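Since we're looking at a predicted model, the values are computed, not measured. Hydrogens, waters and symmetry mates play no part in the numbers below; they use all other heavy atoms, side chains included.
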Amino acid sequence: LFRSYIKGSNLEAPEPYRVGRIKEIYCNKRSNGKPNESDIKLRITKFYRPENTHKFMKASYHADINLLYWSDEEVTVDFKDVQCRCTVEYGEDLTESIQEYSAGGSDRFYFLEAYNAKTKSFEDPPNHARGTVNKGKGKGKGKGKGKGKSSSEQIGRA
């Protein structure tokens, strides 16, 4: 998801949004003990894009622009850097095709695997990363039919 189109060299194109799942919102206290509301922070877990893995840009040439990789890696970001809200779903929990889901808006992302930056490996997402419809089914077991939609994670983009 790019912010705008710039004619000419790709070197001048802005970076795509970074996507993270909000774990905690907080602000540090001032010396007088009151919250410093002008310095709000978010503790998030990162999602990786294909080009941000150990495969670098080569991985992104054939990847869907809405594809992300789950991670449990946490970072802290400034609230002022958050651009807007988006939705990230586990691809096997979707009740429609990935193409139909992605066509619903530029703020829709999905993941099929997790990425471990320390071991530079792709893994099955942990159970807590999956929605309620298929929790624990494992990779390649089909979409399954549950009553109602899977639970979506509301995500901030920075």
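- Atom CZ of F79 is surrounded by 12 or fewer heavy atoms from other residues, nucleotides or ligands within 6.0 Å.
- Counting heavy atoms from C-beta on, the side chains of Y101 and T87 come closer than 4.5 Å.
- Considering CG of N52 and NZ of K46, their distance stands at 7.5 Å, rounded to 0.5 Å.
- When atom types are taken as modelled, the side chain of R108 and the backbone of E89 share no donor-acceptor pair closer than 3.5 angstrom.
- Using a 4.5 Å heavy-atom threshold, the side chains of Y110 and L67 count as touching.
- Between W70 and Y115, the gap from one ring centroid to the other reaches at least 6.0 Å.
- Taking CD of E73 as the reference point, atom CG of N116 lies at 8.5 Å (rounded to 0.5 Å).
- In the hydrophobic clustering of this structure, V75 does not group with Y26; members are Ile, Leu, Val, Met, Phe, Trp, Tyr whose side-chain heavy atoms approach within less than 4.5 Å, directly or through other members.
- Between the CD1 atom in I40 and the NZ atom in K80 there is a gap of 11.5 Å [rounded to 0.5 Å].
- Considering CG of D39 and NZ of K29, their distance stands at 14.5 Å, rounded to 0.5 Å.
- Here the shortest heavy-atom pairing between S102 and D64 reads OG-OD2, 4.2 Å.
- Between H54 and F122, a ring centre-to-centre spacing shorter than 6.0 Å is recorded.
- Residue E37 places its CD atom among 12 or fewer non-hydrogen atoms of other residues, nucleotides or ligands, all under 6.0 Å distant.
- The side-chain heavy atoms of D78 and K41, taken from C-beta on, include a pair separated by under 4.5 Å.
- With N32 contributing its side chain and K34 its backbone, the two residues share a donor-acceptor pair below 3.5 Å.
- A donor-acceptor contact shorter than 3.5 Å is absent between the side chain of R43 and the backbone of E74.
- Aromatic ring centres of F111 and Y90 lie closer together than 6.0 Å.
- To the nearest 0.5 Å, atom CG of residue L94 and atom CD of residue E100 are 10.0 Å apart.
- Note that SG of C86 and CG of L68 are 8.0 Å apart. Values are rounded to the nearest 0.5 Å.
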